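Keep in mind the model is a prediction, meaning the values are calculated, not measured. Values reported hereafter were calculated over all heavy atoms of this structure, with side chains retained and with hydrogens, waters and symmetry mates removed.
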Amino acid sequence: MSMAAFLGTDRGWSPAVRTERTPMSLRPRRTGLTLATATAALASSLLVAAPAVAAPHPNPNGFANRVSTEEVLGHLRALQGIADANGGNRASGTPGYDASGDYVQGLLEDAGYQVERQPFEFTSSRTLTQTLTVGGQAVDVIAMTSSPSGTVQGPLSVLAAGDATPGCEATDYGTGTAGSVVLVSRGGCAFAVKQQLASAAGAVGVVVYNNTEGPLNGTLGATPATGAPAGGITQAAGQALLGQAGAPTTLAIDIRTTTTSTFNIVAQTPYGDADNVIMMGAHLDSVDEGPGINDNGTGSAAILQTALELAQVAPTRNAVRFAWWGAEESGLIGSSTYVDSLTEAERAQITGYLNFDMVGSPNYVIGVYDSNQSTYPAPVAVPAGSESLEQVFTDYFDRKGQPWVDTEFSGRSDYQGFIEAGIPATGLFTGAEQLKTPEEAALFGGTAGVAYDPNYHSPGDTIANVSTEALGINSKAIAFATLTLADDPTPLVVGDEVKGTSHAAGHGNSAGRYQGHLAVE
């Protein structure tokens with residue numbers, strides 16, 4: 001929708017003439033900015049034009065009701081169509097991602113936003129070979145992102161299966177490791193830790209088997225690793241190999257790495273206190289293996305519709321900034337690049353960051369990142385103020401009678417760069433490859449013993465496999481939190497009008513699960 005534009009401050013606007021937007025297919029992509037130019041633009045000139053006649057300013061509940069599930073689903077249908085037309089995925093650096101960015105940018109511009117792209121480069125990889133044979137029998141294996149390439153042979157050495165942190169200490173690798181292909185369970189530490197320790201002990205190859213059902217799509221980080229080639233196999237395949245220590249094993253992995261260009265998309269309201277910026281973010285890219293409609297079309301679509309609705313209401317007390325990140329699936333690169341590009345003063349202006357990564361899982365839980373660590377001690381430092389951000393969501397759900405659970409604030413998504421910079425953060429998450437517990441099934445329905453998203457990081461992550469119920473619940477919660485924090489003069493002190501009963505009958509905090517991305521365990 002095209003509308004007249006007004007540019008100015010929250011104390012008065014001056015009209016500006018807005019011309020009709022160039023059709024998306026004809027508009028040049030904005031990839032010519034340097035990172036320094038983009039950073040300066042993001043810091044000082046990310047603007048959204050207020051509508052000529054602003055709608056009556058709603059309260060947060062009224063605003064939440066304006067964000068309809070059907071409109072959010074419309075964005076998901078568009079992203080599905082983009083993936084279908086571009087080789088089945090929307091991975092950063094591909095035509096599918098570029099078209100996704102054009103789609104988001106086009107709608108924001110139609111709503112009056114002045115949008116900036118922040119370009120950056122990252123290392124991407126393509127797997128040409130991934131094979132594993134043990135005792136002459138083929139085993140399905142998936143090469144880990146950034147794995148060294150090579151064809152290696154040696155006896156299979158098996159690490160203890162009952163260890164709580166298997167392969168996470170140098171002492172786990174005995175004298176039989178040298179010259180062997182190591183079989184180790186997932187869990188306890190990052191895949192890269194296991195691969196590096198095994199390599200240091202002389203292993204020629206590393207095979208990690210999953211500690212839950214489903215394939216293991218692991219990564220060794222954002223840059224190519226050195227040492228032994230590494231791949232992942234299913235839990236069932238790993239358990240079947242536990243009794244084959246010493247069997248002749250061949251692991252062949254061939255990965256080609258390239259430097260790829262992509263971008264973030266960022267826009268901010270012109271009104272509101274620019275020293276108290278509330279920021280909403282979601283990664284826009286998919287994995288190479290599928291269209292990424294739940295992961296993370298859902299988060300991207302939810303904040304997009306929230307941004308479009310926000311453009312139609314009167315000015316808010318605090319500024320609001322929206323971001324769609326690139327290369328999250330390659331190691332949280334887009335969001336980290338953005339945070340690294342900010343000065344200390346610019347970081348201090350961000351009062352809080354809310355992250356939305358997978359908010360429509362088919363076997364969902366309603367998970368809120370456990371910023372106050374009431375259920376899960378966080379393995380990362382959680383900045384002061386995050387607890388109040390979490391409470392905005394939990395009190396909202398409590399007042400609605402909506403069950404929710406804590407989900408571990410482990411730093412496994414795009415909030416990581418923000419919390420490392422001391423910026424308060426929280427967010428919502430409906431689960432990935434972990435299995436739903438009976439307690440969670442009693443709270444939310446669905447099936448216990450099945451992954452929250454059985455299609456995680458696979459071709460099956462399509463619009464047909466998204467829970468519209470979870471998407472609707474979370475989209476309205478996102479909109480509520482956006483306007484609540486945008487209008488609250490002290491957004492990290494939850495006022496009486498926002499507070500609810502933090503342990504209402506609908507709250508089930510005993511069975512939350514952690515973020516499912518595989519950058520770390």
Side-chain angles (χ1 to χ4, degrees), residues 60 276-281 299 318 335 347-348 350-359 364-432 434 437 439-440 443-444 452 473-474 477-478 480-486 488-517 520:
N276 279 303
V277 177
I278 300 300
M279 191 166 186
M280 313 285 159
N318 302 312
S335 54
R347 293 179 182 183
I350 302 175
T351 304
Y353 172 73
L354 307 183
N355 192 72
F356 307 106
D357 188 354
M358 302 178 68
V359 295
Y364 71 89
V365 294
I366 301 299
V368 184
Y369 286 114
D370 190 14
S371 304
N372 65 1
Q373 304 180 63
S374 60
T375 301
Y376 298 105
V380 293
V382 180
S386 300
E387 179 176 349
S388 293
L389 295 176
E390 177 192 6
Q391 190 178 344
V392 174
F393 287 115
T394 58
D395 284 354
Y396 168 80
F397 288 138
D398 286 345
R399 287 195 307 277
K400 295 290 185 183
Q402 171 61 53
W404 56 274
V405 293
D406 285 319
T407 190
E408 185 181 5
F409 203 170
S410 61
R412 295 181 64 180
S413 190
D414 284 305
Y415 51 75
Q416 176 72 355
F418 289 86
I419 61 178
E420 287 179 345
I423 298 169
T426 191
L428 301 176
F429 172 56
T430 53
Q434 293 291 322
T437 68
E439 295 83 0
E440 290 166 341
L443 281 174
F444 303 104
Y452 303 124
I473 292 168
N474 283 318
I478 291 167
F480 174 87
T482 299
L483 196 61
T484 295
L485 294 167
D488 191 335
T490 54
L492 295 190
V493 179
V494 181
D496 292 339
E497 75 281 1
V498 176
K499 294 186 72 172
T501 303
S502 60
H503 294 283
H507 173 203
N509 71 342
S510 62
R513 304 301 255 185
Y514 55 78
Q515 169 60 284
H517 283 278
V520 296

Between [Y] and [X], is there a side-chain donor-acceptor contact under 3.5 Å, judged purely by atom types and distance?
X      : Y      : value
Tyr396 : Asp398 : no
Ser371 : Thr426 : yes
Gln416 : Glu420 : yes

Calculate, to the nearest 0.5 Å, the distance between atoms [atom1] and [atom2] belonging to [X] and [Y] respectively.
X      : Y      : atom1 : atom2 : result
Leu389 : Thr484 : CG    : OG1   : 11.5 Å
Arg347 : Tyr353 : CZ    : OH    : 14.5 Å
Asn318 : Leu483 : CG    : CG    : 10.5 Å
Met279 : Thr351 : CE    : OG1   : 12.0 Å
Phe397 : Phe480 : CZ    : CZ    : 10.0 Å
Met358 : Tyr364 : CE    : OH    : 15.0 Å

What closest approach, in Å, do Ser335 and Phe418 show between heavy atoms, and which atom pair accounts for it?
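Distance-wise, the nearest heavy atoms are CB-CE1, 4.5 Å.
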Review point. Minimum heavy-atom separation for Leu443 to Pro403, with atom names?
Key: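 That would be O-CG, 3.8 Å.
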State, with a plain yes or no, whether a side-chain heavy atom of [X] is found less than 4.5 Å away from one of [Y].
X      : Y      : result
Val359 : Phe429 : no
Leu428 : Val368 : yes
Ile366 : Ile473 : yes

Whether [X] side chain and [Y] backbone form a donor-acceptor pair below 3.5 Å:
X      : Y      : result
Ser386 : Val382 : no
Glu408 : Ala378 : no
Asp357 : Gly299 : no

By the definition side-chain contact (heavy atoms from CB on, under 4.5 Å), identify the one residue from Thr482, Val392, Leu485 that meets it with Leu354.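 Output: one option passes, namely Leu485.
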Practice prompt. Under the side chain to side chain contact (heavy atoms under 4.5 Å, CB included) rule, what do Asn474 and Thr430 come out as? Steps first, then yes or no, please.
Written response: CA-CA 9 Å; Asn474 283 318; Thr430 53; 3.2 Å; yes
### Task
Begin with the C-alpha distance, continue with both residues' side-chain angles, and end with the deciding distance and a verdict on side-chain hydrogen bond (donor to acceptor under 3.5 Å, both in side chains) for Ser374 and Asp370.
CA-CA 7 Å; Ser374 60; Asp370 190 14; 3.2 Å; yes
Could you check Tyr369 against Asp406 for side chain to side chain contact (heavy atoms under 4.5 Å, CB included), going step by step and ending with a plain yes or no?
CA-CA 6 Å; Tyr369 286 114; Asp406 285 319; over 6 Å; no
Exercise. Using the side chain to side chain contact (heavy atoms under 4.5 Å, CB included) rule, take Trp404 and Thr394 through it: C-alpha gap first, then chi angles, then the decisive distance, then the call.
Key: CA-CA 7 Å; Trp404 56 274; Thr394 58; 3.4 Å; yes
Check: How far apart are the C-alpha atoms of Val405 and Phe444, what are their side-chain angles, what is the distance that settles it, and do they pass the side chain to side chain contact (heavy atoms under 4.5 Å, CB included) test?
Finding: CA-CA 10 Å; Val405 293; Phe444 303 104; 3.8 Å; yes
